[in-house]
Amino acid sequence: MDDDEIGKRTQSNLKIMNPVSETKLILAGKYANLKPGMSVLDVGCGNGTLLDLWHKEFGIVGTGIELQKESASRARNLLEGTGITVIEGDGAAYIPDESFDAVCAFGTAFIFGGAEAALEQLAGQVKEGGCLVIGDRVWKKTMVPPEFAREWGEVPTAFELTSTARELGFTLTGMISASSDDWDRYESAIWQNAVSENMDEYLRYIQDEYLAYGREFMDWSCFVFQV
């Protein structure tokens, strides 16, 4: 079973496919200074939750792109009538015809080869004065057990990610991190789906990884970078 199939079976029905709450997503939008009518590109928009939330809270418009057919369909239905377009396709290969007031990638940096690579590829899609919002895994510590670090070779520290953003001309204007409760809720939802899908071997693997290493060494943070 490949990673796409695993993700589809364990996460595609989650409202938020990251260890973050709606309250924190709204705070990220405030840090990005979103206003009515601003355009947002959500790369890997999942079921459309973030775009729907920001549309209701800030009045944004824009585009979501999602590779998984079922999730793209859910997002399209959720966002019907909002003025937000949902495209079924590969976010890593998508080149928009215009730039956006905000570009965001939540939990999807892996499609670019990691968060630092995502910054480099998405930087040119943000309007001057706009924001690039990256929500993804970062290391809590610089010293990580090799057997765990090898599984997440593309993950940077928060300092490394911010340093790369500065080199690209961005300024960090806001940061939000997942709490232990956020992580536990997210992981538990995946475990429950794995149980219902009879994915016993995968369930044991991800539980062991999370309990032995993830809770101590892995963080999930949202970074708001302004051009």
Side-chain angles (χ1 to χ4, degrees), residues 1-28 31 43-44 46 49-50 104-119 132-166 170 172-225:
M1 190 183 307
D2 60 25
D3 290 342
D4 286 342
E5 181 63 23
I6 289 172
K8 187 186 302 183
R9 293 174 65 177
T10 60
Q11 297 194 56
S12 63
N13 67 336
L14 302 184
K15 186 176 182 180
I16 301 176
M17 299 180 189
N18 291 283
V20 64
S21 65
E22 290 190 2
T23 300
K24 290 181 178 179
L25 291 176
I26 291 172
L27 181 57
Y31 286 160
V43 182
T49 301
L50 176 67
C104 56
F106 280 82
T108 56
F110 70 93
I111 68 175
F112 300 101
E116 292 176 285
L119 280 174
L132 179 53
V133 187
I134 300 289
D136 224 294
R137 296 171 184 261
V138 291
W139 293 121
K140 286 182 180 179
K141 304 176 182 181
T142 55
M143 299 298 292
V144 181
E147 63 272 21
F148 184 50
R150 281 194 294 268
E151 296 295 316
W152 301 95
E154 78 283 1
V155 174
T157 64
F159 177 75
E160 288 169 336
L161 183 60
T162 301
S163 297
T164 297
R166 287 170 178 165
F170 288 95
L172 180 64
T173 59
M175 179 177 172
I176 303 162
S177 294
S179 67
S180 295
D181 286 344
D182 291 330
W183 267 114
D184 289 347
R185 282 193 298 269
Y186 171 68
E187 293 290 340
S188 295
I190 294 174
W191 299 344
Q192 290 172 16
N193 285 336
V195 169
S196 66
E197 291 284 338
N198 297 313
M199 300 168 66
D200 296 340
E201 184 176 348
Y202 178 71
L203 175 64
R204 286 192 296 271
Y205 170 75
I206 59 174
Q207 286 181 338
D208 289 351
E209 183 183 62
Y210 179 60
L211 297 172
Y213 302 108
R215 290 179 114 244
E216 181 177 357
F217 296 100
M218 187 74 80
D219 203 354
W220 190 99
S221 295
C222 171
F223 301 82
V224 180
F225 298 110

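- Residues satisfying the side-chain hydrogen bond (donor to acceptor under 3.5 Å, both in side chains) criterion with Trp139, sequence neighbours excluded, are absent altogether.
- Listed by chain and residue number, nothing satisfies the ring-ring contact (aromatic ring centres under 6.0 Å, His included) test with Trp183 (two or more places apart in sequence, or in another chain).
- In terms of the side-chain hydrogen bond (donor to acceptor under 3.5 Å, both in side chains) criterion, Glu154 has no residue partners (sequence neighbours excluded).
- To the nearest 0.5 Å, the span separating OG on Ser188 from CG on Asp181 amounts to 10.0 Å.
- For the pair Leu25/Phe106, a side-chain contact is recorded, criterion being any heavy-atom separation below 4.5 Å from C-beta on.
- Judged as a salt bridge (charged side-chain N to carboxylate O under 4.0 Å, His left out), the pairs with a partner in residues 209-224 (not counting sequence neighbours) are, in order, Lys141-Glu216, Asp184-Arg215.
- Residue Lys24 holds its NZ atom at 8.0 Å from CD1 of Ile176, rounded to the nearest 0.5 Å.
- Applying the side chain to side chain contact (heavy atoms under 4.5 Å, CB included) test to Leu172 and every residue at least two apart in sequence or in another chain returns Thr162, Phe223, Phe225.
- Not counting sequence neighbours, the partners of Ile190 by the side chain to side chain contact (heavy atoms under 4.5 Å, CB included) test are Thr10, Gln11, Leu14, Tyr186, Ile206.
- Every residue two or more places apart in sequence or in another chain was checked for a salt bridge (charged side-chain N to carboxylate O under 4.0 Å, His left out) with Arg204, and none qualifies.
- Taking the salt bridge (charged side-chain N to carboxylate O under 4.0 Å, His left out) definition, one finds that Lys15 meets it with Glu22, sequence neighbours left out.
- In this structure, the separation between CG on Leu161 and CD1 on Ile134 is 7.0 Å, given to the nearest 0.5 Å.
- Qualifying side-chain hydrogen bond (donor to acceptor under 3.5 Å, both in side chains) partners for Tyr202, counting only residues two or more places apart in sequence or in other chains: none.
- Residues passing the salt bridge (charged side-chain N to carboxylate O under 4.0 Å, His left out) test with Glu160: none are found, sequence neighbours excluded.
- Under the 4.5 Å side-chain criterion, counting only non-hydrogen atoms from C-beta, Val20 is not in contact with Asp182.
- Nearest heavy atom pair, residue Val133 against residue Cys222, reads CG1-SG, 3.5 Å.
- Remark: Leu211 CG to Glu187 CD distance equals 8.5 Å, nearest 0.5 Å.
- The side-chain hydrogen bond (donor to acceptor under 3.5 Å, both in side chains) check on Glu147 picks up Tyr213, with sequence neighbours excluded.
- Under the salt bridge (charged side-chain N to carboxylate O under 4.0 Å, His left out) criterion, Arg166 pairs with no residue, sequence neighbours left out.
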